[in-house]
Amino acid sequence: MRVPVRVIATEKLLNEMDSEVFDQAVNVATLPGIQHRSFVMPDGHWGYGFPIGGVAAFDVEEGGVISPGGIGYDVNCGMRVVLTNLTEGDVRPHIRELVNTLFKKIPTGVGGEGFVKLSKQEFGRVLEEGGEWSVRNGYGWKEDLERTELRGMADWADVSKVSKKAIDRGFDQIGTLGSGNHYLEVQVVKEENIKYSEVAKKWGIFPGQVVVMMHTGSRGEGHQIATDYLDLFLSVMRSKYGIEVSDKQLACAPFYSNEGQDYWKAMACAVNFSFANRQTIVHRVREAFSETFRKDAEALGMSQLFEIAHNRATLERHQVNGVTRQLLVHRKGATAAYYAGREEVPAFFRDEGSPVIIGGSMETGSYLLVAMPGASETFCSTAHGSGRTMSRARAKHIWRGEELLRSMESRGIYVRAQGMGGVAEEAGGAYKNIDEVVEATHVAGISRPVVRLVPLGNIKG
DNA sequence: ATGTGC
């Protein structure tokens, strides 16, 4: 091990973690160029190579590596929140119509095709321009970009580093949600769930308000790019760069190598795909609300609060032992928490720090938080979700999709899903207690809860 | 996560 491992958790969460998490965090701590600590966030669980909830930063000037396993197959998977000026009283009577309209307008499920029809050449521009492309083509508002990480565009993207296969998989998937734990949810702000009213008010959040949250990523595009470069790194890692790893799933290459740079530029294309994807979905969400409530999206106050990813590597400056270094921070199932004073904080949030979006299960709710200065310890990182407590197979054994839908509807949550198996897999009971995860990040001083959001309606794959 | 596994 080149650095120690640090797990951020309460005792209960620590006891719930599978033992593979610790083995994996130890493996990560052996990789070339790693700095300070190999971290696990409180929602950590077993993943491909690196744990989900893993954070590792590599000094790129000192032979530090880039590793697809530290980023995840779903490159730049992330969260976006759009506000409305509607209240629970406005929306509840129309929730079925609203959710059905959303379900019709936003394709869900594996292999779902979007409504955006493009030539493969034009698709290259999507991969290089991300959310900028979407907004320029009428999918979203210019000000959405001011409230998106990196302004919705990783500007180092180079489409020539992306395989034809990846292009073929991605070019018809813009504006699609996907499957698994990806979802789009209509949520409500209950007065008693506002935890930090000063910041909530500044962000335009009020008691009774309805907001929209989504969780999706780079679909087949990012998956293929990750697959392509995992293969490439495996073939050169030992022979060309002499890097020995304890687990093949930790395939990596020096950041400043031909292969490392090619993946860095291809990864940015997957990042841009996911920005364009979520941006285009926001456009459809506004259309669905407009149709249901017979008002323009502007009149419905549908401005974007924020969007932030939890599966990416980013070049950032951090202090290590009092020296500022250029680090490649890998966050896999970990949200960036840029506290006030960091250059990454968008202008609107400069005084309080960046929002953090932590998605929970469709039964239990989600959180908005704000980054805290203690995140300087974790390379500006915090948790990203609840974290599963059991396999999808086990969840399907315990719950029946149809039954769960009926039970949720009786509790005021209307869900539309592509398949009933997927519903059972995502049962609230298959996840850790999100309140506990959030509390662990607060106690650690890395992020502070602003509001807990509870579901009214949800669409999923 | 994924045109879901070999």
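Below, chain A is the first sequence line, B the second, and so on; all start at residue 1. Values in this document were obtained by computation on a predicted structure and should not be read as measured data.
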Quiz item: Please give, in whole Å, the distance from B:dT4 P to A:Tyr73 OH?
Solution: 14 Å
Quiz prompt | Any A:Asn181 side-chain N or O less than 4.0 Å from OP1/OP2 of B:dA1 | solution = yes
Practice problem: Quick one: label A:Lys332 by what it contacts on the DNA or RNA (base, sugar-phosphate, nothing), any heavy atom closer than 4.0 Å. | Solution: nothing
Exercise. Check whether the side chains of A:His223 and A:Asp74 place a donor and an acceptor atom closer than 3.5 Å, and report yes or no.
Key: no
Quiz item: In whole angstroms, how far is the P atom of B:dT2 from the CG atom of A:Leu230?
Solution: 16 Å
Practice problem: Rounded to the nearest angstrom, tell me the gap between atom CE in A:Met267 and atom P in B:dA1. | Solution: 20 Å
Exercise. For A:His45, enumerate each residue passing the side-chain contact (heavy atoms from CB on, under 4.5 Å) test, keeping only those at least two apart in sequence or located in another chain.
Key: A:Asp18, A:Ile52
Quiz item: Taking NE2 from A:His384 and P from B:dA1, how many angstroms apart are they, rounded to a whole number?
Solution: 9 Å
Self-check item: A:His182 NE2 to B:dT4 P, straight-line distance once rounded to whole Å
Solution: 16 Å
Exercise. May I ask you to evaluate whether A:Arg219 reaches the phosphate of B:dA1, defined as a side-chain N or O under 4.0 Å from OP1 or OP2?
Key: no
Exercise. State whether A:Arg392 places a side-chain N or O below 4.0 Å from either non-bridging phosphate oxygen (OP1 or OP2) of B:dT4.
Key: no
Quiz prompt | A:Gln261: partners by side-chain contact (heavy atoms from CB on, under 4.5 Å), with sequence neighbours left out | solution = A:Phe255, A:Tyr256, A:Trp264, A:Lys265
Quiz prompt | Whole angstrom value for the distance that separates C1' of B:dA1 from CD1 of A:Ile71 | solution = 14 Å
Pair up each side-chain donor or acceptor in residues 360-372 of chain A with any protein partner under 3.5 Å, not counting sequence neighbours, and list the distances.
unit_1, atom_1, unit_2, atom_2, d
A:Ser361, OG, A:Glu363, N, 3.3
A:Ser361, OG, A:Thr364, N, 3.2
A:Ser361, OG, A:Thr364, OG1, 2.8
A:Glu363, OE1, A:Arg411, NH1, 3.0
A:Glu363, OE1, A:Arg411, NH2, 2.9
A:Glu363, OE2, A:Gly428, N, 2.6
A:Ser366, OG, A:Gly360, N, 2.9
A:Tyr367, OH, A:Asp435, OD1, 2.5

Would you give me the side-chain donor-acceptor pairs under 3.5 Å for residues 243-252 of chain A, sequence neighbours excluded?
unit_1, atom_1, unit_2, atom_2, d
A:Glu244, OE2, A:Arg238, NE, 3.1
A:Ser246, OG, A:Asn27, OD1, 3.1
A:Asp247, OD1, A:Gln249, N, 2.9
A:Gln249, OE1, A:Gly49, N, 2.8

Quiz item: Contacts to DNA chain B from residues 170-180 of chain A, heavy-atom cutoff under 4.0 Å, which residues?
Solution: A:Gln173, A:Gly178, A:Ser179, A:Gly180
Exercise. Grab the CG-P distance between A:Asn277 and B:dA1 for me, whole Å please.
Key: 15 Å
Under 3.5 Å, sequence neighbours excluded: what are the donor-acceptor pairs made by side chains of residues 278-285 of chain A?
unit_1, atom_1, unit_2, atom_2, d
A:Arg278, NE, A:Glu307, OE1, 2.9
A:Arg278, NE, A:Glu307, OE2, 2.9
A:Arg278, NH1, A:Asn76, O, 3.0
A:Arg278, NH1, A:Thr216, O, 2.7
A:Arg278, NH2, A:Asn76, O, 3.1
A:Arg278, NH2, A:Ser274, OG, 3.3
A:Arg278, NH2, A:Glu307, OE2, 2.6
A:Gln279, OE1, A:Arg80, NH1, 2.8
A:Gln279, NE2, A:Tyr139, O, 3.4
A:Gln279, NE2, A:Asp144, OD2, 2.8
A:Thr280, OG1, A:Ser134, OG, 3.2
A:Thr280, OG1, A:Ala276, O, 2.7
A:His283, ND1, A:Gly138, O, 3.4
A:His283, NE2, A:Glu287, OE2, 3.0
A:Arg284, NE, A:Lys105, O, 3.0
A:Arg284, NH2, A:Lys105, O, 3.2

Quiz item: Whole Å only: how far is the CD1 atom of A:Ile52 from the P atom of B:dA1?
Solution: 8 Å
Quiz item: Do we see a donor-acceptor contact under 3.5 Å between the side chains of A:Asn100 and A:Tyr414?
Solution: yes
